[in-house]
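Values below: all heavy atoms of this structure, side chains included; hydrogens, waters and symmetry mates excluded. Model, not experiment: these values are computed from the prediction.
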Amino acid sequence: MSEQTFYQSRTNDLQSEVTRVDFDSSGTKSFAVPIDASDLINLPSRTLSRDAVLEEYTQETVDGQILREVRTNATGNVERYELITWKLNDPENPKNWSKAYKWYCTMCVAVTCFVVAFNSAVITADIEGVAEEFHVSLEVALLSITLFVVGFGIGPMVFAPLSEIMGRRPIYMSTLLLAVIFTIPGAVAQNIETLLITRAIAGIAFSAPMTLVGGTLADLWKNEERGVPMAAFSAAPFIGPAIGPLVGGFLSDAAGWRWLYWIQLILSAIVWFAISFTVPETYTPRLLAQRAAKLRKSTGNDKFVTAEDLDLRPLSQRLRLFLLRPFQLLFLEPIVFFISLYMSVLYGLLYMFFIAYPIIYQQGKGYSAGNTGLMFIPIAVGVLLSAACSPFVNKHYISLVKKHNGNPPAEVRLIPMMISCWFIPIGLFIFAWTSYPHLSWVGPALGGFPVGFGFIFLYNAANNYLVDSYQHQAASALAAKTFLRSFWGAVTVLFTNQMYARLGNQWASSLLAFIGLACCAIPYIFYFKGAAIRKHSHFAYSGDEENQGSPEKQLD
């Protein structure tokens, strides 16, 4: 039987009434590894029906198979299929690779994430050079930042579904290559239109690695091992924007704004080569699908399958989950909306700094672009220190898991956010009222430290809370957050100059501090009222049969 005929027969034949049997093919009972909520966003849970056996992707069995019995609509008979899973200590399972190799893959994807974030920020060092050369306003030149960051919100809506079908590696390879190609015109552009169009395309392409990195780390590391690798990944998106203006400042002073694009090209080409030729496929559903196809071919037996072969949703349902569900969650779920709003404020603040620092230091104190870039170092230090604290936060969470007998409420994820939220307004108030031209450079620079320190705690806590609150809907909830966050971050750079001009340096920064202060109420409200809000939600996860009374809660 050909592959095409096989998949077509499964689509037509297996609209099924399912009986699960938790035995491997030898008759030995197989114990599944519990699926952690954070793993659900890295499994094909949105593409599969709610009858699918996701345990196939999270457990190991003696002979690498799980018996599945399915009553087909075509004959009414019960058919036996062997779901392909990993064998015990399977060397092809990415989680069983050597620690050294897993760390190499981890650093490859983390550095890629850093490079993407760096690329978004490095050009801020000499936006004026672009405006002067192409005879356009500063606002038009700033679109080179805006369009790139808008791509971060659009791309995941496409690349996340594709990665669940094609695997991680093809998406990494193709999108990074596309991004490298469309970075070249920025360095040689002869008009602003070329620069802006190619910058937008590069931003969409670069969003794919940012979307897939967390999943790649979940592929590689077991739950109990994941704390330190995730801390390394979490720091990358925030260190990149801090280092970008620093490198860009000295580079533009020495060689002009075009070299800000050449440096992107060089770094992007390096990470593309590293990922494409040294990091293999890590996505378990894709790897097991390949193994099942080989078994069918070598044995001539079409009973070797994966859950995706048996329980794939109709295309219309998948499209609705991928495209419509994030917006349903964003506008119908208070938890998703306000957490996304808070993350948007933080993301916008990060990009506002790219404009505010030159205003304070270059316009106010007469610093060069290079020296202004040095002022971002405290932000990077704060990010690194908070990343170093992440394993301790994870250890505290594990103690809460034990305290609640393995089933803590989602709201305990908010504790780090409730503590770290205060660092943002504190840092902003320091930045605001030490920014007078006659005062030392030290004050505003040190104001960036608590802001950087608070970023990762807030970011990770928000992601974890959304994942634990929505579980099977978590991928859509995170997509909604990314969409809103990226669009707000993209827009903020367009009005920051005008805001500082009208309000003055001190009150413009204070306005940001007051907004950050108001957002501090969000984690406290959800900590005390979140459970009641989720109880009345159409989409939030509940332990009692996943809220079986609601069709929405059963993933349609």
Approximate separation, where rounding is to 0.5 Å, of Gln264 CD and Ile123 CD1: 6.5 Å
Main-chain N/O of Val188 paired with Gln190 side-chain donor or acceptor, under 3.5 Å: yes
Minimum side-chain heavy-atom gap Ser469-Arg534 below 4.5 Å: yes
Side-chain donor or acceptor of Arg199 paired with backbone N/O of Ser144 under 3.5 Å: yes
Check: Asn191/Thr194 side-chain N/O donor and acceptor closer than 3.5 Å: yes
Rounded distance (nearest 0.5 Å) linking atom CG of Leu346 with atom CG of Leu512: 11.5 Å
Side-chain H-bond candidate by donor/acceptor type, Ser509 with Trp433, under 3.5 Å: no
Side-chain donor/acceptor of Arg258 to backbone N/O of Ala189, under 3.5 Å: yes
Proximity of Phe327 and Phe483 rings by center, below 6.0 Å: yes
Test of ring centre spacing under 6.0 Å for Phe273 and Phe277: yes
4.5 Å side-chain heavy-atom contact, Trp103 and Pro229: yes
Whether His536 side chain and Ala532 backbone form a donor-acceptor pair below 3.5 Å: yes
Distance in Å, Ser276 OG paired with Tyr172 OH, rounded so as to fall on 0.5 Å steps: 11.0 Å
Gln471 side chain vs Val467 backbone, donor-acceptor pair below 3.5 Å: no
Within-4.5 Å side-chain heavy-atom neighbours: Cys108 and Val271: no
Verdict with reasoning, Met166 to Ile171, per side-chain contact (heavy atoms from CB on, under 4.5 Å): CA-CA 8 Å; Met166 302 174 64; Ile171 304 300; 4.1 Å; yes
Residue pair Phe528, Tyr524: steps toward the ring-ring contact (aromatic ring centres under 6.0 Å, His included) verdict: CA-CA 6 Å; Phe528 293 106; Tyr524 286 88; 7.2 Å; no
Test item: Arg169 side-chain N/O and Val279 main-chain N/O as donor-acceptor pair under 3.5 Å: yes
Pairwise distance CG(Asp253) to CG(Asp126) - rounded to 0.5 angstrom: 8.0 Å
Distance-minimising heavy-atom pair for Leu414 and Pro523: CD1-O, 3.6 Å
Qualifying residue for ring-ring contact (aromatic ring centres under 6.0 Å, His included) with Phe353, from Phe431, Phe238, Tyr347: Phe431
Pair Gln498, Glu139: side-chain N/O donor-acceptor within cut-off below 3.5 Å: yes
Residues which pass side chain to side chain donor-acceptor pair (under 3.5 Å) with Thr496, listed by chain and number, not counting sequence neighbours: none
Heavy-atom donor-acceptor pair, Lys365 side chain to Tyr436 backbone, under 3.5 Å: yes
Nearest-0.5 Å distance, CG of residue Leu142 to OG1 of residue Thr492: 10.0 Å
Pair Trp257 + Trp262: ring centers closer than 6.0 Å: no
Within-4.5 Å side-chain heavy-atom neighbours: Leu458 and Cys421: yes
Heavy-atom donor-acceptor pair, Asn394 side chain to Ser390 backbone, under 3.5 Å: no
Side-chain donor-acceptor pair present, Asp219, Thr282, cut-off under 3.5 Å: yes
Candidate pair Ile243 and Val122, rule side-chain contact (heavy atoms from CB on, under 4.5 Å), full reasoning: CA-CA 8 Å; Ile243 299 299; Val122 68; over 6 Å; no
Donor-acceptor pair between Gln506 and Ser435 side chains, under 3.5 angstrom: yes
Side-chain touch Arg46/Ser476, heavy atoms, less than 4.5 angstrom: yes
Beyond-backbone contact of Phe206 with Phe148, side-chain heavy atoms, under 4.5 angstrom: yes
Ring centres under 6.0 angstrom apart (Tyr357, Phe376): yes
Between Tyr351 and Trp488, ring centroids under 6.0 Å: no
Step-by-step side-chain contact (heavy atoms from CB on, under 4.5 Å) determination, Ile204 to Val150: CA-CA 8 Å; Ile204 294 172; Val150 164; over 6 Å; no
Cationic N near anionic O, under 4.0 Å, Glu164 to Arg318: no
Where Ala160 and Ser163 come nearest, the two heavy atoms and their spacing: O-OG, 2.8 Å
For Ser386 against Gly452, the heavy-atom pair lying closest together: OG-O, 3.9 Å
Residues in ring pair (Phe, Tyr, Trp, His ring centres under 6.0 Å) contact with Tyr397, at least two apart in sequence or another chain: none
Extract all donor-acceptor atom pairs below 3.5 Å that involve side chains of residues 336-345 and protein atoms in other chains or at least two apart in sequence.
residue : atom : partner : partner atom : Å
Ser340  : OG   : Val336  : O            : 2.6
Ser344  : OG   : Ser340  : O            : 2.7
Ser344  : OG   : Arg485  : N            : 3.3

Positive for side chain to side chain contact (heavy atoms under 4.5 Å, CB included) with Asn371, one of Trp441, Tyr361, Phe250: Phe250
Backbone N/O of Leu265 and side chain of Ser268: donor-acceptor pair under 3.5 Å: no
Side-chain heavy atoms of Phe152 within contact of Phe487, under 4.5 Å: no
Within-4.5 Å side-chain heavy-atom neighbours: Asn463 and Leu478: yes
Pairwise distance SG(Cys389) to CG(Leu384) - rounded to 0.5 angstrom: 11.0 Å
